[in-house]
Structure formats: C-alpha cells, structure tokens
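Below is one structure, written out as structure tokens, with a few remarks after it.
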Amino acid sequence: MPSASERPRWQAVARARRWNYAGIVALVAVLCAAPVMVTASYYRYAGVLLVMYMVLATSWNLVGGFTGYVSLGHVAFFGFGAYCTGILADETQGSVILALAATFGITTVGAALIGVVALRVRGASFVIVTIALVYMGSLLAQGMRSVTGGSSGLDIAPLFTVSGRASRHAAYIVTFAVLLGIVMALWNFLDGTKFGMGLKAVREDEDRARSLGVDTTAFKVAAFALSAAFVSLAGGLYATWTGFIDPIFVFSVQISAQIVLMTLLGGMRSLWGPVLGAAVIVPSSEFFLVNLPRMHLVTMGVLLGAVVLLMPDGIIPSLRAANSRRRPPAASIREDGGSVAAGDPDSAGEPALIANGATP
Amino acid sequence: MPFAPRLTTDRRRLRRWAIGTGVLIGALPVAGLTAATTVPDDAGEPIRIGVSLPLTGDFSEPGEGIQQGYDLWAADVNAAGGILGRPVELIYRDDASDVNKVVSDYEQLISVEDVDFVFGPFSSRLVIPASEVAEDEQMVFLEPAGAAPEVFERGLEFLFYAAPAVADEHYDYLADYLTALPEGERPETVAVASMDDPFAQGTAYGLRDQLAEAGIEVVADEVYPPGTTDYSNIAAKIADTDADVFVGGTQFEDAVGLLRAFEELGYRPPYMAFSTGPTLPEFTEAVGDARNGILSPVGWSQEATFESNPEFVASFQETFDTDPHEDAANGYTVGQVLNQAVEAVGCADSSEECQTSVRDFIRDNEFVTVVGPLSFDEAGRPEQAHMIQQWIDGEVEIVLPAGSDVQTAELITRD
Amino acid sequence: MTRSLFVQAIVFGVLTGGVYALMASGLSLYFGVMRIVQIAHPAFLFLGAYLTYSLHNALGWDPLLTLPITVPAFFLIGVAVQRLLLARLRDENRAMMSVLLTFSIAVVVEGTLSAIYTGSYRSINLDYASKSFELFGARVPYDRLIGLAVAGLTLLALFSILKYTRYGRALRATMQHRDAARLVGVDTERVTAVGFGIGLATAAVGGAVLSIITTFFPSGHWEWIAKLMAIIVVGGLGSVGGAALAALVLGVTEAVVQVWLSPVWAGMVFYLFLFLTLIFRPQGFFGGRLAQRF
C-alpha cells in the first residue's frame with residue numbers, strides 16, 4: 001500500500017493513466033479520419049506505414065519499456081507473422097481473418113518458448129540472441145522453399161476486397177489504427193497493474209526483484225510473448241496489404257533497429273513515446289531519402305547517433321522534466337527518496353513498491 | 001578521385017548535368033509543399049517520366065548503370081528534338097534497394113508528381129511490387145531488369161521487359177550448341193550452382209533442364225542464400241564431381257567467389273558458364289586471367305551493328321568517357337521502345353486512354369533498339385534471344401548464335 | 001560425400017575459421033572493456049577493406065604492406081570513437097544505447113563508403129591469390145593461408161599484449177572488475193580507450209584480409225554481424241581466446257555442413273550453436289564469468 005504521503009502523487013499518476021485512454025481514443029479517431037482529408041494514394045500509403053510503425057514501436061515497448069530488455073529481433077516476429085498468415089490463408093482456403101487470429105496464437109506460444117531460452121541472458125547477450133533470431137528467420141524463409149516460396153516470396157490474399165489503391169490504403173490505415181488503439185490500451189492498462197510493476201521491477205533491479213519473490217522469468221516471458229504476438233499480427237496485416245511477402249525485407253535487422261530508435265526518441269517509459277518517435281522518424285527518413293540522394297544514409301546515421309547521445313531519455317521525459325522544473329517541487333526531499341527526478345511519475349513510487357513487497 | 005577507376009570526376013559529372021534538358025531532378029520534398037502538378041498537354045511542355053532506381057543499397061551498382069542508360073537516352077532524344085516535339089524530363093527517386101520504398105516511390109511519382117510515364121527499376125525483386133502499382137494505376141510499365149519467370153506470371157497487362165529474352169531462356173543458344181555436339185564431343189555431366197534468387201535460378205535452371213532433357217546427367221545442384229560470404233565449400237562440392245559442364249546461376253559476388261575457388265581447386269571443365277558476373281566491367285579486376293573461357297549470356301553487344309547501336313556506343317563513350325555496358329543498354333532500350341510507341345500513338349499523358357493505346361501498340365509491334373529488333377508476347381515477355389559471350393584472350397567475344405551477324409569469334413573450350 | 005571432399009571441407013573450414021577468429025577478436029575486446037555490443041565492427045572491417053583497396057590501387061602495394069598505415073590509423077580512430085562517443089553513454093541502459101549508437105556509426109560508415117566509392121563491387125586480385133598447393137589430398141589456397149597466418153599472428157600479438165605487458169594486465173583487470181582495477185590504481189578510462197583502439201586495429205587487419213579473399217560493396221557488412229556475434233557468445237563474451245576457439249569450431253562445422261547438407265543449413269549452424277550455448281552454458285563454452293551478468 002502506498003504510504004499516506006505518497007497517495008496524492010499516486011492518485012495523480014492513476015488519473016493520468018485514465019486520461020490516456022481518452023487520448024488513445026482520440027488518436028485512433030484522428031487516424032481513421034485522416035484518409036478523408038488526404039486523398040492522394042501516396043500519402044495514404046505513407047500513412048499506412050506510419051501507423052504500422054507506431055504499432056510495432058508500441059508493441060516493442062511492452063518489452064523494452066517495461067523490462068528494459070532490448071530486443072533487436074522483433075522484426076523476426078514481423079516476418080514470421082507475415083509468412084504464417086500467408087501460409088495459413090492458403091491452407092484455410094482464403095479465410096484471412098482466421099489466419100490472422102491463428103498467427104496471433106501461434107506466435108504467442110512460439111515466442112514464449114523462444115523467450116524461455118533467450119531471456120536466460122541479459123544485456124548484450126540478449127541483444128545478440130535477438131539479432132540471431134532475425135537471421136535465422138531469414139534463412140528459414142529462404143530455405144524452406146516448398147512452404148514459403150523461398151526467395152520468390154509468397155503471394156497472399158487481401159483482407160479487404162476494395163478496388164483502387166487509395167481506398168485500400170485507407171482501409172488499412174483504419175485497421176492499423178484500431179490495432180494501435182488496442183496495443184496502446186494494453187500498454188496503458190499493464191502500466192497500472194501488478195504485472196506491470198513486476199516488469200518494471202525487472203528493469204530497475206532484476207536480482208533484487210527475484211530475491212523478493214517476483215517470478216521474473218514468467219513475467220519477462222509473458223511480456224515478450226505478448227509483444228511478439230502483436231508484432232506478428234502487424235506483420236500478417238502488412239502481408240495482406242502488400243499482397244506479396246519478400247523474405248529479405250520482412251527479416252531485415254535495420255527495421256528492428258528503427259523500431260527501437262523510434263521508441264527511444266519518443267521516450268521508452270511513456271505510452272506516447274513510441275507513437276511520437278515513429279511520427280518523427282518515419283517521415284524524416286523518407287524526407288532524407290528523397291532530398292539527399294547520396295547522403296541519406298550518413299545523415300540518418302548522424303541524427304540517430306545524436307539522439308542516442310544527446311537525448312537518451314527521449315523527447316517526452318525531457319519535456320516532462322523541463323515542464324516540472326518550472327513547478328515547485330511536489331514533495332519534500334525526505335518523501336522523495338532523494339534521488340528521484342521530480343517530474344517522472346513512472347519511477348516515483350517504485351522503490352517504495354518493491355520495499356513494500358509488490359509480489360503478484 | 002584518384003583511387004576508384006570507375007568514378008566520374010566532378011568535371012564529367014558537370015558535363016552530364018549540362019546535357020540538354022534531360023536533367024535529372026532530385027525528387028521534390030515529401031512535405032508536399034509542391035502541389036501535384038498537372039502538366040497541360042501543350043507542345044513544349046516536357047514529357048515527365050518517373051523512375052525509381054536502387055541508387056544505394058545492395059543493388060546500387062546496376063541501379064546506377066541503368067540510370068546512365070536512361071540519362072543518355074533522354075539527352076539523345078532531346079538533342080533530336082524530343083518526342084512529339086516535346087522535351088523529355090526524367091524524375092528519379094532512390095529506393096535504396098528496398099521493396100517498400102520502391103512501391104512508395106512509384107505511388108508518389110504517379111499520384112503526387114503526376115508523371116506522364118514511368119520506367120521500371122532494377123531487379124525482379126523490385127520490379128514485382130513496383131509493377132503492381134503501375135498496373136493498379138493503369139500505366140505502362142517498361143522495365144529494364146526484371147527477367148525472372150515470376151514477373152510474368154502475375155497476369156499483368158501493362159508490363160514489358162525491354163531486353164531480348166526472359167531469364168529461363170537466357171542460355172538457350174548454349175543449350176542448343178551443347179546438345180547438338182556429336183556423340184564423342186558432347187558433355188556427359190553437368191553441375192549447377194545457383195544463388196537463391198528468382199532471376200539467377202531462372203537462368204541456370206533453364207539451361208539445366210534443357211541439358212537434362214538431352215540426356216546429360218545433372219551431378220550437382222546446389223543452391224545458396226544471397227548473403228553467402230564464402231563460396232569455397234560449395235565450389236569444393238562441385239569440383240568433386242568433376243562435371244564436364246558447370247552452370248552458375250549467379251550475380252557478381254558469387255560468380256567471382258566460385259570462379260576463384262574453382263581455380264584454387266584446379267577445377268577447369270571444358271565448359272563453364274556464369275550469369276551476370278562476367279558481363280560486368282569489374283569482372284576483370286576481380287578474377288584476372290581466370291576469366292578466359294568463361295561463357296555468359298548477354299543481351300547486348302558493343303560490336304553489334306543493330307540499327308541505333310553504333311550511335312548509342314559513340315554517344316555513351318563521348319558522354320561518360322568509357323565503354324557502355326549491358327545495364328545502360330537495357331535502360332536505353334526502355335527509352336527507345338517508349339519513344340517509338342508514343343510517336344506512333346501520338347499521345348503522352350497519364351490518362352487511361354493514352355496508356356492503354358501505348359500498351360496496345362507495344363504489344364502489337366516490333367521496335368528498333370540497341371539490342372536488336374524487339375517484340376513482346378501477351379504477358380510482356382520479349383520474344384527474342386540472348387546471345388552468348390565468352391572471354392577469349394582477355395576480350396569479350398560473342399560466340400553464339402554461330403554464323404550470325406553478331407558473332408565475333410568461335411566458341412572455345414577451356415583447357 | 002567422398003573422403004577427399006570431406007578433407008577439403010575441413011581444410012577450408014580451418015582457414016575460414018581463422019579469418020572469423022581474427023574478425024571476432026575485436027568484438028571480444030570491445031565487450032570486455034565496455035560491456036557493449038559493437039555492431040559497427042563489420043562496417044569498419046569493410047572500411048579497412050576499402051582503404052586497403054585504395055592504397056593498393058594508388059601505390060601498387062601488396063595489401064599486407066598497407067597494414068603499417070591502416071593499423072595505426074584505425075587504432076587512433078578507435079580511441080577517438082571511444083573517447084568522444086561511447087564514453088558518453090551512461091551506465092544504465094548501456095547495452096541498448098551502445099547497440100543503437102554503434103548501429104548509427106555503422107550506418108554512417110556505410111553511407112560514407114557508398115558516397116565515396118559508389119555501390120560498385122570492388123576486389124583485389126593478386127597473382128598468388130588463385131594459386132594453391134596440395135596437402136593431404138586437399139588443395140590449400142595461398143590467399144586463405146595467408147589470411148590464416150595473418151589471423152594467427154594478430155591473435156598471437158593480442159595474446160602477448162594481454163598476458164605479458166603491463167598494459168595488458170591493466171586491460172585484463174579492467175575487464176574483470178572495473179572498480180577493483182580502479183582501486184589498485186589502474187587508469188580505467190585510458191585503458192578502455194586503448195582497448196577499444198586495439199579492437200578497431202584488428203578491424204584494419206581483418207579488412208586487409210577481407211580485401212584479398214572476397215569482393216566487397218558498401219552494404220555487405222550486414223551479413224557478417226550475426227555470425228560474429230554468435231561466435232563471441234558461444235566462445236564466451238569477453239574472452240579473446242574463447243572467441244578464437246569458437247570461431248574455429250564453427251568455421252569447420254559450417255564448412256562440413258555446407259558440403260554435407262546445404263548452404264542454407266550451414267548458415268543456421270551459427271545460430272543453433274548460439275541457442276545451445278544459451279540453454280546449456282549461457283556464459284559460453286570457453287569464456288569467463290563475464291557473460292550473463294555483465
């Protein structure tokens with residue numbers, strides 16, 4: 001139980017969380033309405049990609065933001081989702097929705113199994129393992145030609161039979177927006193549960209959490225599996241949207257890195273961070289590609305490096321910190337624990353939580 | 001730049017940019033500050049052609065080669081007065097060898113830039129998704145480099161591959177030659193190694209299947225993924241079979257890797273063929289003398305006297321200060337087909353009516369190009385045949401079809 | 001699979017394994033001193049290959065003779081990168097931040113190479129490159145043998161530095177326990193910078209070897225990262241010797257599988273070993289205690 005002196009801040013955090021739901025609904029509504037104002041096929045196409053990356057980044061943040069484990073392998077689940085949906089849709093005679101649902105389930109189980117092994121290590125080893133997943137996926141997709149079509153790729157039936165590229169893009173903006181709403185709502189919900197607290201305990205100090213009785217392995221695996229499942233769903237949707245799966249694209253490490261960078265830029269510990277990060281990075285990478293034909297790689301690299309070095313917390317926490325520096329401090333130093341930044345609601349109550357035994 | 005031999009210096013680059021009005025525009029910002037320009041069909045207004053090419057990333061070398069071909073074509077056309085009296089303007093976007101970006105590039109070119117025509121990108125992998133965009137928008141899609149069988153099996157009506165033959169027919173003349181050899185001379189075994197890539201496999205399997213049909217035994221059939229870094233073991237496996245014929249379904253990196261390994265292993269069968277690699281200028285630098293005797297299918301030859309080819313060669317040498325190559329020739333061919341079709345049909349805009357008439361004209365007629373006369377079937381496949389080249393005494397010679405105008409030397413066996 | 005083919009595969013496997021060992025050694029050093037994953041190492045390998053190529057074309061020197069120029073240059077670059085960029089990373093989230101930072105460095109290196117050299121394939125073809133001699137019925141190519149020799153010498157030099165010099169002791173101390181090293185008077189900041197420089201210097205050597213044995217183009221470095229990473233995990237993070245042994249084992253296994261099964265499954269060998277390591281011995285088969293808990 002939070003102590004009496006912490007209750008006002010805790011209530012503020014909970015209230016903010018409720019407002020987030022409203023925000024999510026608003027965002028989804030705006031995204032769904034966007035195609036009305038943007039009619040050129042190209043902009044809608046870009047819009048689908050943008051919302052898709054928002055979904056990927058937010059799903060990634062279920063693991064990255066909560067547990068602090070950095071997976072560079074999420075694109076492997078993206079690719080897996082694409083192929084799984086494609087192959088199942090073939091088997092089930094074209095019921096794409098069924099294929100998508102099955103993909104979600106299969107990935108949850110599969111990712112859990114992978115997670116049990118992969119999450120035995122931390123930090124750098126974990127990153128390496130996730131990178132390996134991507135290359136394995138790529139090799140399997142190309143090697144199992146009879147199932148996956150090998151390097152020729154796989155054709156897949158569309159989810160909507162809508163004529164006209166622009167209309168199809170609009171339909172997918174809506175679909176991805178709805179999916180985004182779901183993932184964001186889930187993130188927000190978990191943020192306030194004991195499950196979420198347990199995950200954050202893993203991030204803060206895994207060994208201490210474990211010694212206090214938190215089943216860190218189960219928590220980590222669950223978060224990993226959930227995150228992977230949503231990513232695979234996005235992959236499946238992507239496949240139905242393009243109608244064609246190319247094995248090299250859907251298993252490229254650069255996509256994974258971009259997802260992580262988006263989340264980092266926006267702020268890993270916040271709900272809106274991934275969305276914001278995607279909104280910045282996706283258009284700007286296109287912008288650089290178009291306007292700096294020979295130099296786009298160098299420019300992107302320099303910018304990303306700058307983000308990592310200069311804004312490692314991301315935009316949102318930096319804004320929050322700047323904002324709360326203007327306000328008088330919320331509580332006395334004694335209650336604060338001394339070291340916690342005045343404006344960061346995420347870490348505010350956690351040392352106290354662990355001390356008070358936040359066990360499931 | 002003193003080091004890299006193929007780079008254009010600043011001076012040459014300036015010259016290229018100064019060529020006529022066919023200047024390439026680094027594409028406009030996504031910010032959309034430029035409204036979609038609808039170009040009125042007045043005489044004098046440029047005909048705008050949109051292209052997405054892999055100028056960076058895995059396919060950047062051939063991408064740049066094709067760009068040279070497109071640029072030269074635009075310059076030559078404008079120097080001759082343009083098409084229908086209007087100058088030609090090429091608008092490029094770099095897709096960074098990425099399938100997503102190539103789609104978004106063509107979406108942008110068609111729906112925002114509102115170009116009048118589009119030219120295709122490089123590689124079957126990029127051509128396939130890009131062609132879907134063009135098809136949906138009902139625009140003619142002439143492409144210089146998508147030859148894999150899959151490209152033509154998608155039921156597309158607006159797609160045309162502007163080169164002599166599709167992938168699985170690239171080796172046809174060689175297959176005919178080998179199977180026609182008399183009993184004592186005919187090879188008895190063939191070993192195949194191919195990159196796992198629709199185009200590369202298309203070429204190799206075309207030859208393999210024809211040889212197998214003629215009774216030649218396939219003693220090895222290896223496939224390796226595109227990211228392979230080391231070819232020695234695959235080469236060892238092939239060498240171990242000591243086959244009479246080796247067929248490589250290769251790009252560049254693997255052709256070089258395999259050939260070098262074959263030399264190290266001492267495997268020198270009488271007939272050794274690779275796709276793509278031996279036709280690139282860097283092949284000499286990479287393998288040196290080992291290139292002698294290597295066979296390769298090629299769509300274009302510098303010495304060929306097809307109408308418009310000598311002029312193309314001269315123009316290229318003058319502009320770029322080096323000999324032309326197949327990629328540039330393919331790009332040039334695309335332009336030539338469009339040029340002749342548009343002149344004949346008399347319209348040059350993105351309307352469905354115009355695009356459909358152009359498409360119909362392309363399908364029903366034959367064209368004069370630097371790779372020879374060109375015509376297409378109902379799926380957009382060209383109906384001609386690739387030649388077979390061979391490195392002999394350090395030079396590229398056309399050895400097949402024997403007895404034809406294009407032949408420059410007799411086919412030799414390696415010893 | 002005939003016996004001669006098998007022997008040939010073993011020979012090739014050892015030769016390639018040596019090259020892998022050379023390339024992975026730098027990664028071990030980076031991880032050892034900074035606990036970071038240096039994704040840009042293969043990109044620097046390619047940079048080394050390109051520089052060797054340019055020097056070879058401009059001056060006509062044999063690639064190995066360019067090492068006296070490239071190795072010190074890369075050492076300085078390594079020190080600079082560590083001091084100016086990586087040292088700024090904070091301790092928390094170091095794994096992620098280092099991955100992203102080195103990823104962006106890799107992109108910058110690739111972009112620079114692409115802008116300067118364009119995407120054309122480059123290679124160095126030497127007279128002795130395609131020649132080979134016979135050993136136990138298998139052919140041993142000279143260029144790969146030279147690659148193995150260079151790798152061996154470099155690793156030997158590395159070992160000697162680590163084991164016998166004072167600096168090497170300081171480096172090992174820093175790798176084992178940073179704070180304790182500081183307590184006994186080691187200037188860990190400087191040691192780390194130099195360690196990183198040495199790691200990048202091995203990239204110069206690796207790049208020169210790469211330029212002899214294969215063709216290269218700017219975006220080719222992405223193919224190497226996963227294999228090299230797998231090698232150092234299997235060998236044990238932070239252990240240079242472990243990485244070398246793992247490289248040999250994996251090189252030979254890969255070669256045999258390529259010949260026996262297919263090239264696709266050969267690629268999987270690295271990742272299978274990686275997962276086996278995680279399941280049975282997460283700290284690596286030859287490595288110290290550094291891995292899991294870093």
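Heavy atoms only: backbone and side chains are in, while hydrogens, waters and symmetry mates are out. Note on naming: letters A, B, ... go to the chains in the order of the sequence lines (proteins, then strands), and numbering restarts at 1 for each one. Keep in mind that what you see is a predicted model, and the values were worked out from it rather than measured.
- Ranked by heavy-atom pairs under 4.5 Å with chain A, the list C/Leu101, C/Val109, C/Ile225 is led by C/Leu101.
- For the atom pair CE (C/Met268) and OG (A/Ser138), the distance works out to 10.0 Å, reported to the nearest 0.5 Å.
- Contacts of C/Trp222 with chain A are made by both backbone and side-chain atoms, with heavy-atom separations under 4.5 Å.
- Within 6.0 Å of CZ in C/Arg88 there are 12 or fewer heavy atoms belonging to other residues, nucleotides or ligands.
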Item to check | Verdict with reasoning, C/Phe275 to A/Met136, per side chain to side chain contact (heavy atoms under 4.5 Å, CB included) | outcome: CA-CA 11 Å; C/Phe275 273 87; A/Met136 284 174 78; 3.5 Å; yes
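- Residues of residues 250-257 of chain A lying under 4.5 angstrom from chain C, judged on non-hydrogen atoms, are A/Gln254, A/Ala257 in numerical order.
- For the pair C/Gly111 and A/Leu297, the tightest heavy-atom approach, listed with the atom from each and the gap, is CA-CB, 3.6 Å.
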Checklist entry - Passes side chain to side chain contact (heavy atoms under 4.5 Å, CB included), A/Val308 versus C/Phe103? Steps please. => result CA-CA 10 Å; A/Val308 173; C/Phe103 176 83; over 6 Å; no
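- If you tally non-hydrogen atom pairs under 4.5 Å between each of C/Val233, C/Val37, C/Leu100 and chain A, the highest count goes to C/Leu100.
- For a residue to count as touching a neighbouring chain, one of its non-hydrogen atoms must lie under 4.5 Å from one of that chain's; by this rule C/Leu86 does not touch chain A.
- A/Arg120 and C/Leu278 get closest at one heavy-atom pair: NH1-O, 2.6 Å.
- Residue contact with chain C, scored on non-hydrogen atoms closer than 4.5 Å, involves the side chain of A/Val127 exclusively.
- Looking at A/Leu309, the atoms closer than 4.5 Å to chain C (heavy atoms on both sides) all sit in the side chain, from C-beta outward.
- Pairing each heavy atom of C/Ser104 with each of A/Gly301, the nearest pair is CB-O, 3.2 Å.
- Only the side chain of A/Leu72 comes within contact range of chain C, with at least one heavy atom under 4.5 Å from a heavy atom of that chain.
- Note: A/Leu264 leads A/Leu264, A/Val134, A/Leu303 in heavy-atom pairs under 4.5 Å with chain C.
- Between chain C and the options A/Thr299, A/Leu304, A/Leu261, the largest number of non-hydrogen pairs under 4.5 Å is found for A/Leu261.
- The contact between C/Ile279 and chain A is made by backbone and side chain atoms together, counting heavy-atom distances below 4.5 Å.
- Contacts between A/Val70 and chain C at a heavy-atom distance below 4.5 Å involve the side chain alone, from C-beta outward.
- Within the 4.5 Å cutoff, side-chain heavy atoms of A/Leu139 are placed close to those of C/Tyr271.
- For the set C/Val99, C/Leu89, C/Ile232, the entry with the most heavy-atom pairs within less than 4.5 Å of chain A is C/Val99.
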